[in-house]
Amino acid sequence: MKYDLSLLIPAIRTPNWPALYDSIGQACKKYTWQLVLVSPFDLPVELQDKDNIKLVKSLGNVTRCVHIGVPKCDSDLFFLTVDDCTFAEDSIDLAMDKYKETCGRKDAMAMIYGEGGNLMDEKYWHVSYPPNGDLHLPGVDHNWKIANQCIMRCDYFVELGGLDCRFEYLDKPIHDFMFRLQRAGGKIEMSPKHCCIATHFPNTTGDHAPIHHAQLGHDTPIFVAMYSTPSIYENRTHIDFNNYLECDKVWTRRFTKGIPQTYKEMCDMEGFTPTTSKLNEP
């Protein structure tokens with residue numbers, strides 16, 4: 001079946017998935033949708049009979065999972081999002097309506113959201129916003145926008161080469177992708193309302209430690225060097241989509257003590273408490 005939209009999530013938090021799935025149904029009533037989960041873990045029993053869920057198995061890092069997942073989407077558009085949130089009623093419908101009215105093939109829609117129980121101001125999605133000071137680098141145009149969660153065309157994502165999979169987590173490579181998109185002539189529109197409020201685990205709390213260390217110790221130095229070096233950033237638009245094949249198939253930063261069979265087993269192996277989303281709609 002061809003869907004209007006695929007929600008693509010590199011996902012590990014299986015306890016969250018049933019509530020996540022139900023909230024998508026409330027957020028997207030007008031359009032047909034599919035949930036594509038790229039994960040090392042099986043579907044919860046409650047979701048195994050759903051015909052609009054596709055599970056793609058991967059032990060790779062987050063960028064590799066995105067590249068594996070996009071070609072599996074049975075739709076022209078995909079929404080890159082996360083598994084630690086629930087979606088606000090009608091939010092995806094309203095975003096899709098606006099996308100169809102205002103976006104062309106090369107454009108993306110920033111799905112504005114909140115973290116840790118707080119809604120973030122729309123100004124947050126502008127590079128010029130003062131709290132985005134870590135983006136104020138020589139190769140970054142202050143007129144650009146960012147789109148950490150986004151709706152866009154699958155084929156144009158692939159055409160631009162997708163994410164630079166030298167990065168391990170999503171934050172810095174999605175900024176890099178959106179800067180390349182805007183340099184190539186695309187624009188970023190804002191969703192009409194907040195789509196969700198995600199959880200926020202600071203530093204190394206919960207299951208966040210691999211993300212924390214990947215962002216600060218690995219991804220940020222690459223990003224700063226990239227956007228501080230004119231010979232790299234001046235003509236940076238298209239890269240090779242198959243760059244993900246150079247990533248390790250097992251993300252050892254996440255799976256330090258072997259390969260778990262379940263999210264709970266992973267938490268037990270790493271010595272932290274499993275996390276579940278208990279969030280209010282924005």
For the side chain of His67 and the backbone of Leu163, is there at least one donor-acceptor N/O pair under 3.5 Å apart? yes
Taking all non-hydrogen atoms of both residues, which atom of Met178 and which atom of Cys150 are closest, and how far apart? CE-SG, 3.5 Å
Do Tyr156 and Tyr244 belong to the same hydrophobic cluster, where Ile, Leu, Val, Met, Phe, Trp and Tyr are linked whenever their side-chain heavy atoms lie under 4.5 Å apart, directly or via other members? yes
ILVMFWY network linking Val158 to Leu160, side-chain heavy atoms under 4.5 angstrom: yes
Examine Trp17 together with Phe41 and report whether their ring centres are nearer than 6.0 Å. no
For the pair Asp90 and Lys193, find out whether any cationic side-chain nitrogen is under 4.0 Å from an anionic carboxylate oxygen. no
Looking only at side-chain N and O atoms, does Asp207 offer a donor or acceptor that is under 3.5 Å from a partner on Tyr263? yes
Around Lys106, counting heavy atoms of other residues, nucleotides and ligands shown, do more than 12 lie under 6.0 Å from its NZ? no
Let's go through Lys30 and Asp97 carefully: what are the C-alpha distance in whole Å and the side-chain angles of both, what is the deciding distance for salt bridge (charged side-chain N to carboxylate O under 4.0 Å, His left out) to 0.1 Å, and is it a yes or a no? CA-CA 9 Å; Lys30 291 175 55 178; Asp97 289 345; 2.9 Å; yes
Could you report the tightest heavy-atom contact between Val127 and Asn132, atom names first, then the distance? O-CB, 3.7 Å
Kindly give the heavy-atom pair with the smallest separation between Ala147 and Ala110, and that separation in Å. CB-CB, 3.6 Å
Just by distance, no angles: are the side chains of Gln34 and Asn52 close enough, under 3.5 Å, to form a donor-acceptor pair? no
Whether Lys264 and Asp268 form a salt bridge (side-chain N of Lys/Arg under 4.0 Å from carboxylate O of Asp/Glu) is what I want to check. yes
Between Ile146 and Leu135, is any pair of side-chain heavy atoms under 4.5 Å apart? yes
For Lys72, does the NZ atom sit with more than 12 other heavy atoms under 6.0 Å from it, leaving out its own atoms? no
Please check if any side-chain donor atom of Ser6 sits under 3.5 Å from a side-chain acceptor atom of Ser75, or the reverse. yes
Looking at side-chain heavy atoms only, is the closest gap between Tyr3 and Phe78 below 4.5 Å? no
Any side-chain to backbone donor/acceptor pair from Ser91 onto Ala27? Under 3.5 Å, distance only. no
Candidate pair Asp134 and Lys172, rule salt bridge (charged side-chain N to carboxylate O under 4.0 Å, His left out), full reasoning: CA-CA 10 Å; Asp134 61 334; Lys172 291 299 186 286; 3.5 Å; yes
Begin from the C-alpha positions of Asp4 and Trp33 and carry the test side-chain contact (heavy atoms from CB on, under 4.5 Å) through to its verdict. CA-CA 6 Å; Asp4 295 320; Trp33 57 272; over 6 Å; no
Quick check: His142 with His136 (ring centres under 6.0 Å apart)? yes
Could you check if a side-chain atom of Ile92 sits within less than 4.5 angstrom of a side-chain atom of Ser191, using non-hydrogen atoms only? no
Can you list the steps and then say if Val56 with Val36 is a side-chain contact (heavy atoms from CB on, under 4.5 Å)? CA-CA 7 Å; Val56 184; Val36 179; 4.3 Å; yes
Taking all heavy atoms of Arg166 and all of Ile222, pick out the closest pair and write down the distance. O-CD1, 4.1 Å
Just by distance, no angles: are the side chains of Asp107 and Tyr99 close enough, under 3.5 Å, to form a donor-acceptor pair? no
Check: Met266 and Phe255 side chains under 4.5 Å, non-hydrogen atoms: yes
So does Asn235 have more than 12 non-hydrogen atoms from other groups sitting under 6.0 Å from CG? no
Salt-bridge test for Glu89 and Lys29: reply yes if a basic N is under 4.0 Å from a carboxylate O, no otherwise. yes
Before accepting this row, confirm whether a basic side-chain N of the pair Glu122/Lys145 lies closer than 4.0 Å to the acidic partner's carboxylate O. no
Heavy-atom donor-acceptor pair, Thr63 side chain to Phe167 backbone, under 3.5 Å: yes
Salt bridge Asp176-Arg236, side-chain N to carboxylate O under 4.0 Å: yes
For Arg64 and Asp248, run salt bridge (charged side-chain N to carboxylate O under 4.0 Å, His left out): C-alpha distance rounded to whole Å, both residues' side-chain angles, the deciding distance at 0.1 Å, then the answer. CA-CA 9 Å; Arg64 191 177 197 276; Asp248 292 337; over 6 Å; no
Answer yes or no: is there a side-chain heavy-atom contact under 4.5 Å between Tyr31 and Leu5? no
Are any non-hydrogen side-chain atoms of Asp171 and Asn148 less than 4.5 angstrom apart? yes
What closest approach, in Å, do Pro18 and Glu46 show between heavy atoms, and which atom pair accounts for it? CG-OE2, 3.6 Å
Salt bridge Arg13-Asp84, side-chain N to carboxylate O under 4.0 Å: yes
Is a side-chain N or O of Thr262 found less than 3.5 angstrom from the main chain of Glu265, in a donor-acceptor match? yes
Does any part of the side chain of Met109, heavy atoms only, come nearer than 4.5 Å to the side chain of Met111, both counted from C-beta? yes
Closer than 3.5 angstrom, by distance alone: can the side chain of Asp219 be matched with the main-chain N or O of Glu168 as a donor-acceptor pair? yes
Would you call the rings of Phe179 and His175 parallel, tilted or perpendicular, taking 30° and 60° as the class edges? parallel
Has Glu246 got more than 12 heavy atoms of other residues, nucleotides or ligands less than 6.0 Å from its CD? no
Do side-chain atoms of Thr237 reach the backbone of Ala184 as a donor and acceptor pair under 3.5 angstrom? no
Can you say whether the rings of Phe157 and Phe177 are parallel (under 30°), tilted (30 to 60°) or perpendicular (over 60°)? tilted
Between the main-chain N or O of Arg253 and the side-chain N or O of Thr256, is there a donor-acceptor pair closer than 3.5 Å? no
Side-chain touch Thr32/Met1, heavy atoms, less than 4.5 angstrom: yes
Test side-chain contact (heavy atoms from CB on, under 4.5 Å) applied to Lys57 and Val38, step by step: CA-CA 6 Å; Lys57 286 295 189 75; Val38 186; over 6 Å; no
